[in-house]
Amino acid sequence: MSGMSGMSGTVTRVAIIGAGDIFPAYAKGLRAFGHLELIAVADARADAARARAEAFGIRALTPAELLAGEADIVINLTPPAVHLAVGRQVLEAGKHLYTEKPLAASFDEGQVLMETAARAGRRIGCAPDTFLGGAGQAARALLDSGRLGRIVAGQACMMERGPDDWHPNPEFFYRPGAGPLMDMGVYYLTQLVQLLGPVRRVSGMAHTSWSPRQVPRGPRQGQHIAVETPSHVVAGLEFESGAFVTMSTSFDVWKHKSSPIELYGEQGSLLLPDPNEFGGGLQFCEQDGDWQDLAPRAFTGRLRGLGVAEMAWAITAGQPHRASGELALHVLEVMDATLRAAVQGGPVALSTRCERPAPLPPAFARQIACEVGA
Ligand SMILES: NC(=O)c1ccc[n+]([C@@H]2O[C@H](COP(=O)([O-])OP(=O)(O)OC[C@H]3O[C@@H](n4cnc5c(N)ncnc54)[C@H](O)[C@@H]3O)[C@@H](O)[C@H]2O)c1
């Protein structure tokens, strides 16, 4: 860790590998945090790194130069198929790794990445970090208050027509390591695990509605994409707490009217907003009373990088960080096991577990929220 920032002490130097579609959201989001300094970007495509570096006033390096440089945390924004290869290089270069989701393209690869971090004595942080946002933290506080009693059941729903019409390289969404479950279900599962704790057992059903699929509109309209992972996946999740949650994820549905996440407790119900956002509206009811609004807590804006900010803050304080490799590995196993359960036609017990990440402490919100005005 390097110099000092006005508000919160140590400044952590951050660099990014991967200058693709999501890069600007990180580069802008990270700027909100005064204790982070984005210093450089690298990409296998040198011209892509140069263009992003110019736009954001940082250095463009080769991946090797970036790994030999002075970054404390390297953020991996490459596609899932190379999360293991790139993540390993980061850890073996002695840097902490913060990687985009999923942790790796398969549970086996995720385990290798965790072992590499343990050997290197470095940390892994992993997206999604949206559960640290104002909506997830407000839901967590309500559940922990006991007002809704024990959560006995729930449902989660992420169904859309897929990213073919907006993403410049949509192929990777239909390959192992992505699909609606690994690419989007990961937000829902991470939110559920922070709220309910680890999953004990899963069942799954999965299919592919169209292969190849035709891009329905947008700049690549009419082109065909091979589908190499299921595009509609239904999971039955049994949590250690005893709660049963059903989750549907799909890239094959135009429209629906289901809530993103609903949780049903002994004493009432809770409706959560899209867990791909940091904020959003929440509602709850006690028994069969009227729905009431629940106000989100701090951090509700476009804050990609909140998990990096919390990780840097926790490293400086010598504490565990919340968007952790352990959480991400457990969620990756839930997804991997759901797809295996679908193939074998029966439930799969999980081998990993994780503690619920602790709620964001008031000290973090006090020091950091005043900088981002969230
Ligand atoms: N695009 C989004 O809206 C979005 C949102 C949230 C999370 N993500 C996640 O972010 C990650 C990247 O997604 P994206 O949409 O930016 O993808 P992208 O295809 O637009 O960009 C990926 C970049 O990684 C580079 N790259 C590939 N292999 C590399 C390697 N071995 N070394 C260095 N660079 C390499 C590519 O050249 C490309 O510039 C994925 O894990 C995705 O799930 C994307």
Side-chain angles (χ1 to χ4, degrees), residues 15-30 40-53 55-56 60-67 71 74-93 95 97-106 109-110 113 124-131 133 158 160 162-191 218-220 225 229 249 251 274-278 302-308 323 328 331-332 335:
I16 295 180
I17 299 183
D21 188 70
I22 196 62
F23 178 91
Y26 268 88
K28 288 178 198 154
L30 292 170
V41 57
D43 195 289
R45 298 177 298 133
D47 55 332
R50 263 196 309 277
R52 294 299 194 201
F56 289 93
L61 302 173
T62 65
E65 287 168 343
L66 185 144
L67 293 176
V74 174
I75 303 176
N76 181 5
L77 301 185
T78 62
V82 293
H83 281 184
L84 171 61
V86 173
R88 230 180 188 170
Q89 288 168 1
V90 169
L91 294 164
E92 286 171 352
K95 313 289 188 192
L97 168 68
Y98 185 92
T99 186
E100 249 306 331
K101 49 76 186 169
L103 177 63
S106 69
E109 290 190 2
L113 204 53
I124 295 182
C126 186
D129 54 358
T130 39
F131 73 89
M158 192 309 296
E160 56 167 50
D164 325 9
D165 56 347
W166 62 269
H167 196 281
N169 322 298
E171 279 78 7
F172 82 77
F173 290 100
Y174 300 98
R175 297 200 178 128
L181 179 62
M182 294 244 189
D183 184 65
M184 292 300 295
V186 67
Y187 292 98
Y188 295 68
L189 286 167
T190 306
Q191 185 73 284
R220 298 183 48 167
I225 298 178
T229 192
T249 64
F251 282 160
D274 180 353
N276 191 9
E277 304 287 336
F278 292 92
R302 291 175 182 272
L303 289 171
R304 289 254 183 217
L306 177 59
V308 183
V331 168
L332 180 58
M335 298 188 290

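Ligands are counted one by one from 1 in listed order, and the atoms in each one are counted from 1 as well. Side-chain atoms are counted along with the backbone in the values below, which use heavy atoms only and exclude waters and symmetry mates.
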- Considering Arg304, Glu171, His83, His167, which one's heavy-atom position lies nearest to atom 15 (O) of ligand 1? His167
- Message: Just to confirm my output: which protein heavy-atom neighbour is closest to atom 40 (C) of ligand 1, and how far is it?
- Response: Thr78 O, 3.5 Å
- Task: Tell me which protein heavy atom sits closest to atom 7 (C) of ligand 1, plus the residue, atom name and distance to 0.1 Å.
- Result: Glu100 OE1, 3.2 Å
- Note on the structure: protein heavy-atom neighbour closest to atom 31 (N) of ligand 1 works out as Val86 CG2, 3.7 Å
- Nearest non-hydrogen protein atom, atom 6 (C) of ligand 1: Tyr187 OH, 3.4 Å
- Query: If you measure from the Lys or Arg side-chain nitrogens to the Asp or Glu carboxylate oxygens, is any gap between Arg304 and Asp129 under 4.0 Å?
  - Reply: no
- Item | Top protein contact for atom 44 (C) of ligand 1, by heavy-atom distance | Ile22 CB, 3.7 Å
- Item | Any Phe56 side-chain heavy atom under 4.5 Å of Val41 side chain | no
- Task: Provide, to 0.1 Å, the distance between atom 1 (N) of ligand 1 and the closest protein heavy atom, together with that atom's residue and name.
- Result: Asp21 OD2, 2.9 Å
- OH of Tyr187 to CG of Asp274, rounded to nearest 0.5 Å, is 9.0 Å
- Query: ligand 1 versus Trp166, non-hydrogen atoms closer than 4.0 Å: side chain, backbone, both, neither?
  - Reply: side chain
- Message: Could you tell me if Tyr174 and Asp164 have a donor-acceptor pair between their side chains, going purely by distance under 3.5 Å?
- Response: yes
- Message: Give the atom numbers and elements of ligand 1 that come within less than 4.0 Å of a heavy atom of Asp183.
- Response: 43 (O)
- Query: So is Phe172 in contact with ligand 1, going by heavy-atom distances below 4.0 Å?
  - Reply: yes
- Task: Pick whichever of Pro63, Pro79, Ala44 has a heavy atom sitting closest to atom 27 (C) of ligand 1.
- Result: Pro79
- Pull out every atom of ligand 1 sitting under 4.0 Å from any heavy atom of Val82, numbered as shown with elements. 28 (N)
- Message: Let me confirm one number: the CG-CZ distance from Leu181 to Phe251, rounded to the nearest 0.5 Å.
- Response: 9.5 Å
- Task: Identify the protein heavy atom lying closest to atom 19 (O) of ligand 1, giving its residue, its atom name and the separation to 0.1 Å.
- Result: Asn169 ND2, 3.3 Å
- Note on the structure: dist Thr130:OG1 -> Leu303:CG (nearest 0.5 Å) comes out at 11.0 Å
- Under 3.5 Å: donor-acceptor pair, side chain of Asp43, backbone of Ala48: no
- Message: Quick check for you: to the nearest 0.5 Å, what is the distance between Met182 atom CE and Arg175 atom CZ?
- Response: 15.5 Å
- Query: Side chain or backbone of Gln89 under 4.0 Å from ligand 1, or both, or neither, by non-hydrogen atoms?
  - Reply: neither
- Query: Taking the side chain from Thr249 and the backbone from Met158, do they hold a donor-acceptor pair closer than 3.5 Å?
  - Reply: no
- Task: Give a yes or no on whether the backbone of Arg45 and the side-chain of Arg50 come within a donor-acceptor separation of less than 3.5 Å.
- Result: no
- Among Leu77, Asp47, Val41, closest by any non-hydrogen atom to atom 22 (C) of ligand 1: Leu77
- Item | Proximal atoms of ligand 1 relative to Ile17 (non-hydrogen, under 4.0 Å) | 33 (C)
Determine all donor-acceptor pairs shorter than 3.5 Å in which one atom belongs to a side chain in residues 21-28; sequence neighbours excluded.
residue : atom : partner : partner atom : Å
Tyr26   : OH   : Glu100  : OE2          : 2.6

- What is the closest protein heavy atom to atom 37 (O) of ligand 1, and at what distance does it sit? Asp43 OD1, 2.6 Å
